[in-house]
Amino acid sequence: MPDPVSHTLDVPGAVLTYDVRGDLAGTERARPVLLLIGSPMGASGFPTLASYFEDRTVVTYDPRGVERSTRTDGGGELSADDHAGDLVALIETLDAGPVDVFASSGGAVNALALVARRPDLVRRVVAHEPPLAGLIADSEYALAATEDIYRTYQREGMGKAMAKFIAITSFEGEFTEEYLRQPAPDPAMFGLPSEDDGNRDDSLLGQNLRGCTSYQPDVDALGKATDQLVIAVGEESGTQLARRGGEAIAGKLGLTPVVFPSNHGGFLGDEYGGGMAGQPEAFAGTLREVLDA
């Protein structure tokens with residue numbers, strides 16, 4: 001796999017940084033470019049997965065406000081449609097024809113917005129575990145829990161809010177009033193600080209949490225592009241929120257979710273330490289099968 005070559009792209013309200021592994025020239029005549037996206041995960045989360053696609057030109061990017069992609073709009077919360085606009089600009093800049101997309105978590109939510117807006121820009125999109133809390137049966141309580149995380153962040157800072165975020169992402173089953181009333185987890189349980197550092201610009205807690213989880217996909221538009229869309233879920237994700245979000249949008253579109261190896265981060269290698277590693281080789285194998293189907 002060639003080393004990534006970094007580029008920048010000016011878009012309204014941000015300067016995006018993206019990386020290209022391989023040659024864009026002639027990709028439309030060969031195999032489509034493979035775009036790997038997350039949110040708020042940036043390009044740093046995808047080197048392992050990219051390494052299994054040496055036969056493809058692979059593009060990764062940092063969403064606005066994440067890592068190297070800086071915001072010029074003054075900050076604030078972002079929506080899936082904001083990110084979809086950035087993805088449109090990126091794909092058009094690549095000028096390599098319709099691309100294949102693997103999208104993880106919040107990136108999967110943004111990819112659904114992209115397909116609804118510009119299906120002509122993609123050949124196939126694999127949306128892996130979009131945490132669509134607004135679509136699940138217990139959405140009232142799930143959205144209340146995410147709202148509580150956001151308010152905790154604004155009131156008490158990153159440590160206490162992130163502890164609640166870790167708790168909600170690992171929770172199995174339906175959200176209830178009882179879940180909302182349970183004691184807050186101790187940040188120290190997760191190696192997080194209890195002290196408030198005063199910052200309120202975290203890309204997850206401050207910018208993307210509410211816009212991502214509350215997003216309502218355009219089912220009518222997506223229904224016209226189901227032949228381009230694959231909803232993926234992790235075999236180890238049980239009844240966690242992100243898997244349930246994927247199952248919910250698949251149900252609305254009449255699609256059967258494709259089960260991928262491992263969990264929500266099944267594609268990860270050692271990007272964030274061995275403790276978060278999934279099964280990247282097996283995951284990449286399933287992704288290749290889905291893209292080649």
Side-chain angles (χ1 to χ4, degrees), residues 38-42 63-66 71 74-83 104-110 112-113 127-217 233-234 237-249 263-265 272 276:
S39 181
M41 180 182 285
R64 65 168 61 206
V66 173
R71 296 181 65 174
E77 292 185 86
L78 296 167
S79 70
D81 289 323
D82 293 326
H83 291 296
S104 167
S105 193
V109 177
N110 302 339
L112 293 174
H128 181 252
E129 297 204 338
L132 294 164
L135 290 191
I136 61 177
D138 45 320
S139 61
E140 176 185 358
Y141 298 112
L143 290 173
T146 58
E147 179 68 21
D148 177 61
I149 295 170
Y150 178 80
R151 291 184 180 275
T152 299
Y153 177 63
Q154 295 300 327
R155 185 177 62 247
E156 301 179 70
M158 189 276 291
K160 293 182 179 180
M162 185 60 75
K164 289 184 175 181
F165 176 78
I166 294 171
I168 196 175
T169 57
S170 59
F171 178 74
E172 298 271 356
E174 293 193 358
F175 294 93
T176 62
E177 183 72 33
E178 182 180 358
Y179 180 91
L180 299 177
R181 291 199 301 261
Q182 68 183 352
D186 182 358
M189 294 170 53
F190 308 107
L192 296 166
S194 297
E195 299 77 19
D196 184 356
D197 63 7
N199 291 327
R200 295 294 184 271
D201 58 356
D202 184 82
S203 59
L204 168 62
L205 301 170
Q207 297 181 38
N208 288 291
L209 178 66
R210 294 199 300 184
C212 172
T213 55
S214 66
Y215 179 67
Q216 292 289 324
V233 296
S237 296
T239 56
Q240 294 171 359
L241 172 60
R243 173 165 177 158
R244 293 177 63 213
E247 291 170 340
I249 184 60
N263 52 32
H264 191 60
Y272 302 109
M276 293 187 67

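- Side-chain contact between Leu78 and His83: present, with at least one pair of heavy atoms (C-beta onward) separated by less than 4.5 Å.
- To the nearest 0.5 Å, the span separating CD on Glu77 from CZ on Arg210 amounts to 4.0 Å.
- Interatomic distance, Asp197 CG to Asn199 CG, rounded to the nearest 0.5 Å: 4.0 Å.
- For the pair Asn263 (side chain) and Gly234 (backbone), a donor-acceptor distance under 3.5 Å is absent.
- Separation of atoms NZ (Lys160) and CZ (Arg155) is listed at 9.0 Å; rounding is to 0.5 Å.
- At a threshold of 4.5 Å between non-hydrogen side-chain atoms, the residues Ile166 and Met189 do not count as touching.
- Shortest non-hydrogen contact noted between Pro130 and Val109 is CB-CG2, 3.7 Å.
- Considering only heavy atoms from C-beta on, Leu180 stays 4.5 Å or farther from Asp148 through its side chain.
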Item to complete: Take Tyr179 and Tyr141, measure what ring pair (Phe, Tyr, Trp, His ring centres under 6.0 Å) needs, and give me the verdict at the end.
Response: CA-CA 8 Å; Tyr179 180 91; Tyr141 298 112; 9.7 Å; no
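- His128 NE2 to Ser237 OG: the interatomic distance, rounded to the nearest 0.5 Å, is 6.0 Å.
- Between Arg64 and Asp82 there is no salt bridge, since no side-chain N of the basic residue sits under 4.0 Å from a carboxylate O of the acidic one.
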Item to complete: Take Leu205 and Ile149 through the side-chain contact (heavy atoms from CB on, under 4.5 Å) test and state the conclusion after the steps.
Response: CA-CA 8 Å; Leu205 301 170; Ile149 295 170; 3.8 Å; yes
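- Thr239 contributes a side-chain N or O that, together with a main-chain N or O of Gly173, makes up a donor-acceptor pair within less than 3.5 Å.
- Contact detail for Ala133 and Ala142: the closest heavy-atom pair is CB-CB, 4.0 Å.
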Worksheet item: So Met41 and Ser105, side-chain contact (heavy atoms from CB on, under 4.5 Å) or not? Walk me through it.
Response: CA-CA 9 Å; Met41 180 182 285; Ser105 193; over 6 Å; no
Worksheet entry | side-chain contact (heavy atoms from CB on, under 4.5 Å) between Arg244 and Glu174, worked out | CA-CA 9 Å; Arg244 293 177 63 213; Glu174 293 193 358; 3.7 Å; yes
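- Shown here for Ser170 and Gln240, the closest heavy-atom pair between the two residues is O-NE2, 3.9 Å.
- Atom CD of Gln182 has more than 12 neighbouring heavy atoms from other residues, nucleotides or ligands inside a 6.0 Å radius.
- A pairwise comparison of heavy atoms in Pro185 and Phe190 identifies CB-CE1, 4.0 Å as the closest pair.
- Proximity of Val66 to Ser39: side-chain heavy atoms (C-beta onward) are nowhere separated by under 4.5 Å.
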Item to complete: Test Asp81 against Tyr215 for side-chain contact (heavy atoms from CB on, under 4.5 Å), laying out the working first.
Response: CA-CA 9 Å; Asp81 289 323; Tyr215 179 67; 3.9 Å; yes
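- The closest donor-acceptor contact from the side chain of Thr169 to the backbone of Phe165 lies under 3.5 Å.
- Note that CD1 of Ile249 and CD of Gln216 are 9.0 Å apart. Values are rounded to the nearest 0.5 Å.
- The nearest pair of heavy atoms linking Asn208 to Pro40 is ND2-CB, 4.2 Å.
- For Arg151, the CZ atom sits in a loose shell: 12 or fewer heavy atoms of surrounding residues, nucleotides or ligands are nearer than 6.0 Å.
- For the atom pair CD of Gln207 and CZ of Arg200, the computed distance is 13.5 Å after rounding to the nearest 0.5 Å.
- For the pair Pro187 and Ser194, the tightest heavy-atom approach, listed with the atom from each and the gap, is CG-OG, 4.0 Å.
- Side-chain atoms of Tyr153 come within 3.5 Å of backbone atoms of Asp202 as a donor-acceptor pair (strictly under, hydrogens ignored).
- Within the 4.5 Å cutoff, side-chain heavy atoms of Met162 are placed close to those of Leu204.
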